[in-house]
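Note on naming: letters A, B, ... go to the chains in the order of the sequence lines (proteins, then strands), and numbering restarts at 1 for each one. Just so it is clear, the values below take in all heavy atoms, side chains as well, and ignore hydrogens, waters and symmetry mates.
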Number of protein chains: 2
Amino acid sequence: MKPVQDRPSRFEYIHEGAEIYKRSFAIIRAEADLSRFTREEESVAVRMIHACGMVEIAADVVFSDGAALRARRALQEGAPILCDSRMVAQGVTVARLPCANQVICTLGEPSVPGLAAKLGSTRSAAAVELWLERLEGAIVAIGNAPTALFHLLELFDRTPARPACIVGLPVGFVGAAESKDALIDAAPAPFITLRGRKGGSAMAAAALNAMASEVE
Amino acid sequence: MKPVQDRPSRFEYIHEGAEIYKRSFAIIRAEADLSRFTREEESVAVRMIHACGMVEIAADVVFSDGAALRARRALQEGAPILCDSRMVAQGVTVARLPCANQVICTLGEPSVPGLAAKLGSTRSAAAVELWLERLEGAIVAIGNAPTALFHLLELFDRTPARPACIVGLPVGFVGAAESKDALIDAAPAPFITLRGRKGGSAMAAAALNAMASEVE
């Protein structure tokens, strides 16, 4: 085997991570219609688009008034991040967090399978039940399970605790669009979402990463 | 605070995980044009669609001949899975793996930052360099970085080792489409990819999960 190669290679491409980000964001801003967003919202929408490769989602992104700014400030004040899946938690760029914020995913806790059976719902919903004591002022990030978002909305009937921001981005064909519509209708706390079937863990993590730091 | 609630709730939705999967896959099969795929390919395409909520990607999925079947057999024979990001690794459903296959992400290894500097590329590309000794017969899953896929293609100029299958699904605006076109052109090993900007960690993990088990 030959040693680690020096360039040039057969392929021409940009190798530097910072340059890739810069050009990606420039392409997104050139192609996407972001005119209706505030400055805070725009930076979140850009990273959500970056995560999925689709500028056309800009039209379906919904921010409640001031949600992006509220989330940024809460993160600066040390709010924990409650994630519905390990993929979301893994996607958070720790170096961008302003306050060494805790990134929490309760899906693996031992009580979750039993609680899911008791609730008659998914493990994702049961994991949300375990957020109760940490919900007040937290940032919630749901990138996977519609049942997690529905369960969160149900939880608000039982507790006065409210997160600083709900990033509600479950993806898929059964319940995803409906759970996000329910979030928009109920608006129990500041929220960021995307109408329709699209969403996902990478997009939820990208929204968090945008709000965690003003550095692009 | 009231105790854990019994249904009914204000929201009507399907609570059972198995039923959600079943209905999701039925919707995908009703809406997507999957007619050109073999049985093996179809199950992979369905899960890729499931991961992103978009039936229209079916048209852009590319399998090299027999790649899906080759990957399934390699997994049954114990092939390790080499992932370009922790999100891909996290998205693999361990319970579906037929042979307690190793799921490996080298991105966090201590040598990666120094190697990235030496290569003049990203940490993702450097992490791929560390796959060399494990590449032969492995399943490769790239769901994040175009530079990882380009670096993998460059690696084949220096080693005769070939993976059993390359799941090449980097996402984004700079290099993603180009790296996947380069994979299709070079075809250094059996591969699965998606033309264009779309892709991602969830989609890469979904393809792996489809090939890991025949259980839907």
Report task. Please examine the side chains of B:I139 and B:L208, heavy atoms only from C-beta on, and report whether any two atoms are closer than 4.5 Å. Result -> yes
Query raised in the report: If you tally heavy-atom pairs under 4.5 Å against chain A, which of B:V88, B:V55, B:T122 wins?
Result: B:T122
Report task. Enter the distance from A:I57:CD1 to A:M48:CE here, rounded to the nearest 0.5 Å. Result -> 5.0 Å
Report task. Indicate yes or no: at least one non-hydrogen side-chain atom of B:M54 is less than 4.5 angstrom from one of A:R197. Result -> no
**Report entry** Residue, of A:E178, A:Q90, A:R123, that accumulates the most heavy atom pairs under 4.5 Å with chain B
**Finding:** A:Q90
Query - B:A176, part contacting chain A, at a heavy-atom distance under 4.5 Å - result: neither
Query raised in the report: Side chain, backbone, both or neither: which part of A:A89 has a non-hydrogen atom closer than 4.5 Å to chain B?
Result: neither
Query - Exam field: side chain A:T93 to backbone A:A95, donor-acceptor pair closer than 3.5 Å - result: no
Query - Lys/Arg-Asp/Glu bridge criterion (N-O < 4.0 Å) met for A:R23, A:E16 - result: no
Query - Structural part of B:I27 lying under 4.5 Å from a heavy atom of chain A - result: side chain
Query raised in the report: So which part of A:I14 gets closer than 4.5 Å to some heavy atom of chain B, the side chain, the backbone, both or neither?
Result: both
Query - Charged N-O contact under 4.0 Å between B:E41 and B:R36 - result: no
Query - Selection from B:G200, B:C52, B:G175, B:A182 maximising heavy-atom pairs under 4.5 Å formed with chain A - result: B:C52
Query - Engaged part of B:A125 at the chain A interface, taking heavy atoms whose separation is under 4.5 Å - result: neither
Report task. Would you check if B:E129 and B:R158 make a side-chain contact, meaning some heavy-atom pair closer than 4.5 Å? Result -> yes
Requested in this report: Check whether A:E31 gets within reach of chain B through its side chain, its backbone, both or neither, counting any heavy atom under 4.5 Å.
Outcome: side chain
